[in-house]
Engineer: 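Before I ask anything, here is the structure I am working with.
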Amino acid sequence: MKITFIILLFGLCSIKAQNKLMYYPRLNGIYLSSKDSDYNDFIYAKKNLVAELSKISQKTFYSNYGVSTSPSGHGAFTGLDLVPLLQTYENFFVPGFTLKLFGDKEIHIPLTFTESFPEDENGKTEEMKSNLQLNKPDKIALFIPLHLLHATGESGEYNGEFYFDRIETVIKRENYASFTIDGKFSKEFHLKNWQINSLKISTLIFEVKDNQLMIKAIYSTPDQSKNESVIFTTPFIL
């Protein structure tokens, strides 16, 4: 009986050790790694954009990876779990902005990702479109210092925390990129001289063109209509 107990205990310890030593590949092995000059060279030409996105892929791992590619090879559907090694990415696109991933080796972040490279009538790819859907809420958030938005918060509040649900991306061959992020702010503050309540904001749009980054907010009004307003601008070269 004692020998059986010892064997069982050794087995449990071995399983725990294997879990602790479990290998997760880096996200940069599959994300921003396939350079094909025939159709997506314009993405890698935007070096500052790629550098910002690579901040995540270099320090994030993944598991449960599955992919289905379109017959043309210019589109794909991907499912995976993010396994963040580093949870905080400071100065993300804008000095003072902080991206946070609420996960680790124990708690993963499941998501699905689709991307396509539509062609024009001449068979040339002019843009990339993608859609990232988080399967669990409150796992990725952008912390934005309220003073950068000229916002009025509650006493002691310094950051607006916007939690992501879905990200739609468009990157064009021309000097243009946009990230439309559906989600919500977790705390109340006011923008534009109290005209916009943060809790009414459902979408943030990060749009880069003409060497400028604009952040737009889509928010609901008292009559339940949707309005759009620019809440932040800063120089940014793709």
Side-chain angles (χ1 to χ4, degrees), residues 26-62 74 76 78 80 82 84-101 109 111 113-118 124-132 134 140-150 159-164 166-183 203-218 228-238:
R26 290 181 183 272
L27 189 62
N28 63 1
I30 58 172
Y31 182 64
L32 294 175
S33 64
S34 177
K35 299 182 181 181
D36 187 332
S37 60
D38 288 340
Y39 72 98
N40 68 1
D41 59 318
F42 61 92
I43 295 178
Y44 298 94
K46 297 173 174 56
K47 295 182 179 180
N48 290 328
L49 176 65
V50 171
E52 290 297 327
L53 298 176
S54 295
K55 289 180 181 178
I56 305 173
S57 63
Q58 290 171 357
K59 293 293 185 180
T60 304
F61 298 77
Y62 68 92
H74 290 180
T78 303
L80 56 81
L82 293 182
L85 176 64
L86 180 68
Q87 289 85 16
T88 301
Y89 304 87
E90 297 179 346
N91 300 321
F92 188 66
F93 276 92
V94 178
F97 283 30
T98 300
L99 185 72
K100 291 191 177 183
L101 278 62
I109 305 173
L111 58 84
F113 179 78
T114 60
E115 66 176 353
S116 65
F117 293 83
K124 185 177 181 180
T125 301
E126 294 293 341
E127 65 181 12
M128 184 277 286
K129 293 182 177 180
S130 71
N131 192 309
L132 185 153
L134 292 173
I140 299 179
L142 184 66
F143 285 60
I144 305 174
L146 293 185
H147 74 272
L148 293 180
L149 302 180
H150 303 289
N159 289 303
E161 304 165 8
F162 191 79
Y163 287 83
F164 297 6
R166 186 179 71 92
I167 307 172
E168 182 179 290
T169 302
V170 176
I171 301 176
K172 296 186 177 183
R173 187 172 293 275
E174 62 192 62
N175 191 30
Y176 180 89
S178 69
F179 302 87
T180 301
I181 308 168
D182 293 337
T203 302
L204 292 180
I205 302 173
F206 286 64
E207 185 177 61
V208 184
K209 63 180 180 180
D210 301 327
N211 296 331
Q212 285 281 327
L213 167 63
M214 289 190 298
I215 301 179
K216 304 175 183 178
I218 296 178
E228 180 179 298
S229 179
V230 176
I231 61 173
F232 181 82
T233 60
T234 189
F236 188 90
I237 298 175
L238 288 170

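Quantities reported herein were computed from a predicted structural model and do not represent experimental measurements. For the single chain, residues carry numbers from 1 onward in sequence order.
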Engineer: Just verifying a value: how many Å separate K172 NZ and K129 NZ, rounded to the nearest 0.5 Å?
Structural biologist: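 It comes to 8.0 Å.
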
Engineer: With distance as the sole test, does R26 use its side chain to make a donor-acceptor pair with the main-chain N or O of Q58 at under 3.5 Å?
Structural biologist: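 Between the backbone of Q58 and the side chain of R26 there is a qualifying donor-acceptor contact (under 3.5 Å).
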
Engineer: How close do S57 and Y31 get, counting heavy atoms only, and between which atoms?
Structural biologist: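 Closest heavy-atom pair between S57 and Y31: CB-CD2, 3.9 Å.
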
Engineer: Taking all heavy atoms of L82 and all of I140, pick out the closest pair and write down the distance.
Structural biologist: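 Closest heavy-atom pair between L82 and I140: CD1-CD1, 4.4 Å.
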
Engineer: Could you tell me if the side chain of D41 sits less than 4.5 Å from the side chain of R173, heavy atoms only?
Structural biologist: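 The answer is yes; the side chains approach within 4.5 Å.
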
Engineer: With side-chain contact (heavy atoms from CB on, under 4.5 Å) as the test, would you mind laying out the steps for R166 and L134 before giving the verdict?
Structural biologist: CA-CA 6 Å; R166 186 179 71 92; L134 292 173; over 6 Å; no

Engineer: Just say parallel, tilted or perpendicular for the rings of F93 and F236, cut-offs at 30° and 60°.
Structural biologist: tilted

Engineer: Could you give the distance from OG1 (T78) to CG (L111), rounded to the nearest 0.5 Å?
Structural biologist: 9.0 Å

Engineer: Under the ring-ring contact (aromatic ring centres under 6.0 Å, His included) test, which residues partner Y62, sequence neighbours left out?
Structural biologist: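 With neighbours one apart ignored, the set is Y65.
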
Engineer: List the steps, then state whether side-chain contact (heavy atoms from CB on, under 4.5 Å) holds for N48 with K46.
Structural biologist: CA-CA 6 Å; N48 290 328; K46 297 173 174 56; over 6 Å; no

Engineer: Is the closest side-chain heavy-atom distance between M128 and I43 below 4.5 Å?
Structural biologist: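 Yes, their side chains come closer than 4.5 Å.
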
Engineer: Just wondering, do S178 and F206 contact through their side chains at under 4.5 Å, heavy atoms?
Structural biologist: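 F206 does not reach S178 side chain to side chain.
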
Engineer: So, taking the atom named CZ in F42 and the one named NZ in K124, what distance separates them when rounded to the nearest 0.5 Å?
Structural biologist: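 These two atoms lie 10.0 Å from each other.
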
Engineer: Side chains of F164 and L142: does their closest heavy-atom pair fall under 4.5 Å?
Structural biologist: yes

Engineer: If you count the non-hydrogen atoms of other residues, nucleotides and ligands that lie under 6.0 Å from NZ in K55, is the total more than 12?
Structural biologist: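 Buried by this count: over 12 neighbours within 6.0 Å.
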
Engineer: Can you find a heavy atom in the side chain of K59 that is under 4.5 Å from one in the side chain of L27?
Structural biologist: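 Heavy-atom side-chain distance check fails, nothing below 4.5 Å.
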
Engineer: Please report the C-alpha distance between Y176 and I171 in whole Å, then the side-chain angles of each, then the deciding distance to 0.1 Å, and finally whether the side-chain contact (heavy atoms from CB on, under 4.5 Å) criterion is met.
Structural biologist: CA-CA 6 Å; Y176 180 89; I171 301 176; over 6 Å; no

Engineer: Is any side-chain heavy atom of T169 closer than 4.5 Å to a side-chain heavy atom of L132?
Structural biologist: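 No; the side chains remain at least 4.5 Å from each other.
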
Engineer: Just distance, no hydrogens or angles: give the donor-acceptor pairs under 3.5 Å from side chains in residues 210-218, sequence neighbours left out.
Structural biologist:
residue	atom	partner	partner atom	Å
K216	NZ	E207	OE1	3.0

Engineer: Roughly how far, to the nearest 0.5 Å, is the CD1 atom of I30 from the CG atom of L80?
Structural biologist: 5.5 Å

Engineer: Below 30° counts as parallel, above 60° as perpendicular, anything between as tilted: where do the rings of F232 and F97 land?
Structural biologist: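 Taking F97 first and then F232, their aromatic rings sit tilted (interplane angle of 30° to 60°).
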
Engineer: In sequence, state the C-alpha distance, the side-chain angles, and the governing distance for T203 and I181, and then conclude on side-chain contact (heavy atoms from CB on, under 4.5 Å).
Structural biologist: CA-CA 5 Å; T203 302; I181 308 168; 5.7 Å; no

Engineer: Tell me yes or no: between the side chains of N131 and T114, is some donor less than 3.5 Å from an acceptor?
Structural biologist: no

Engineer: Does K100 qualify as a cation-pi partner of F143, given the criterion of NZ or CZ under 6.0 Å from the six-membered ring centre and within 45 degrees of its axis?
Structural biologist: yes

Engineer: Donor-acceptor pairs under 3.5 Å, side chain of residues 84-91 to any protein atom, not counting sequence neighbours: which ones?
Structural biologist:
residue	atom	partner	partner atom	Å
Q87	NE2	G103	O	3.0
Y89	OH	T60	OG1	2.7
Y89	OH	L86	O	2.8
N91	OD1	G96	N	2.9

Engineer: What are the two closest heavy atoms between P95 and L148, and how far apart are they?
Structural biologist: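 P95 and L148 have their closest heavy atoms at O-CD1, 3.6 Å.
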
